[in-house]
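These notes are about the structure you will find just below.
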Amino acid sequence: MKTTRHPKGGALASDAGKKLGRGFYARPAEQVARELLGKVLIHRKNGWMRRARIVETEAYVGVDDLACHASKGRTQRTEVMFWRGGHAYVYLVYGMYEMFNIVTSVAGDAQAVLIRGAMGLDGWDADLLGPGKLAREMGITRRLNGADLTKSELFVSKTRAPAPRIGAAKRVGVEYAKHWKDAPLRFYDQASVRISKVGKALLIAPETQP
DNA sequence: GCGTCGATGGCA
DNA sequence: GCCATCGACGCG
């Protein structure tokens, strides 16, 4: 892609590629979480855009998954998780960090993928490893809760990326989730420099293709 | 490099 | 009372 770069990193918004469509998101969270690795997340604003390659995700697989917010039921906070796939679910944790998730599957089946890490593109040298930092640096706030990624200025590019070598591990910060706490639903690109909190003990056998 | 701890506010 | 977190601080 031919791009004009912003001095601090980022590129002209007009150079953004096509958005992934509903079909991509209307599938189980685990599959979407794997296939999001290597894809490019874009947030356009004021004629410019920030692009980042996704390197780490986590799947939350529905009301039966005790780590999934939707397991608490359909509340004001979890409402968008019950919408059809492709919407942003953004919420606040620990009083200061916004978590950016993408709702997946069909309406009524509350699954979502938490975007945990990415690498800045277009000369953008931000630290996007960790969900709190990623959302903050990409300017993703609760204002975008419920946004439709198939139509919004926030979206994932359809551009084909080389399929990364995928590692799986247990999810972070879900020790309370009883028999779900060790489920291998965190996925990461093994070629990525560093992944947030990937302890050796957490690693499951490497995998190859989404 | 690693363990511990506090910040800070929404939520059930 | 708990968090799908992060950064500062103390080690030695």
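Please read these numbers as outputs of a predicted model, since none were measured by experiment. Below, chain A is the first sequence line, B the second, and so on; all start at residue 1.
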### Message
Working to the nearest 0.5 angstrom, can you tell me the gap between A:His43 NE2 and A:Arg50 CZ?
### Response
11.0 Å
[N] [atom2] sits how many Å from [X] [atom1], rounded?
| X | N | atom1 | atom2 | result |
| --- | --- | --- | --- | --- |
| A:Asp182 | C:dA4 | CG | C1' | 15 Å |
| A:Arg116 | C:dC6 | CZ | P | 7 Å |
| A:Ile140 | C:dA4 | CD1 | P | 19 Å |
| A:Leu185 | C:dA4 | CG | P | 15 Å |
| A:Leu128 | C:dT5 | CG | C1' | 15 Å |
| A:Leu66 | B:dA12 | CG | P | 16 Å |
| A:Lys133 | C:dA4 | NZ | C1' | 15 Å |
| A:Glu56 | C:dT5 | CD | C1' | 13 Å |

Review item, side-chain donor-acceptor pairs of residues 87-94 of chain A, under 3.5 Å, at least two apart:
from	atom 1	to	atom 2	distance (Å)
A:His87	ND1	A:Gly146	O	3.4
A:Tyr89	OH	A:His69	ND1	2.7

### Query
Can you tell me if A:Asp109 uses its side chain to pair, donor with acceptor, with the backbone of A:Gln111 under 3.5 Å?
no
### Query
With sequence neighbours left out, which residue pairs that include part of residues 67-78 of chain A fulfil the salt bridge (Lys or Arg N to Asp or Glu O under 4.0 Å) condition?
A:Arg74-A:Glu79
### Message
Filter on salt bridge (Lys or Arg N to Asp or Glu O under 4.0 Å), then keep only pairs touching residues 85-101 of chain A, sequence neighbours left out; what's left?
### Response
A:Glu98-A:Arg142
## Note on the structure
salt bridge (Lys or Arg N to Asp or Glu O under 4.0 Å) filter on A:Glu137, not counting sequence neighbours, yields none
### Message
Among residues at least two apart in sequence or on other chains, which ones pass salt bridge (Lys or Arg N to Asp or Glu O under 4.0 Å) with A:Arg143?
### Response
none
### Query
Mind checking what makes side chain to side chain contact (heavy atoms under 4.5 Å, CB included) contact with A:Ala26, not counting sequence neighbours?
none
### Message
Which residues pass the side chain to side chain contact (heavy atoms under 4.5 Å, CB included) test with A:Val63, not counting sequence neighbours?
### Response
A:Ala70, A:Phe82
### Query
Is there any side chain to side chain donor-acceptor pair (under 3.5 Å) pair reaching into residues 146-156 of chain A, and which pairs are they, with sequence neighbours excluded?
A:Arg22-A:Asp148, A:Arg22-A:Thr150, A:Arg44-A:Glu153, A:Asp148-A:Thr150
### Task
Please work out which residues in residues 75-87 of chain A have a non-hydrogen atom less than 4.0 Å from an atom of DNA chain B and list them by number.
A:Thr75, A:Arg77
Looking at [X], I'd like to know whether one of its side-chain N or O atoms comes within less than 4.0 Å of OP1 or OP2 on [N].
| X | N | result |
| --- | --- | --- |
| A:Arg136 | C:dC6 | no |
| A:Lys181 | C:dA4 | no |
| A:Tyr176 | C:dA4 | yes |

#### Entry: Bracket notation of DNA chain B in which parentheses pair within the strand, [ ] cross earlier pairs, and | pairs with another strand (Watson-Crick or G-U, under 3.5 Å)
|||||||.|||.
Tabulate atom names and distances for all N/O pairs under 3.5 angstrom spanning the protein and nucleotides 1-8 of chain B.
from	atom 1	to	atom 2	distance (Å)
B:dT8	O2	A:Tyr94	O	2.3

### Task
Check ring-ring contact (aromatic ring centres under 6.0 Å, His included) between A:Trp48 and all other residues, then give those that pass, not counting sequence neighbours.
A:His6
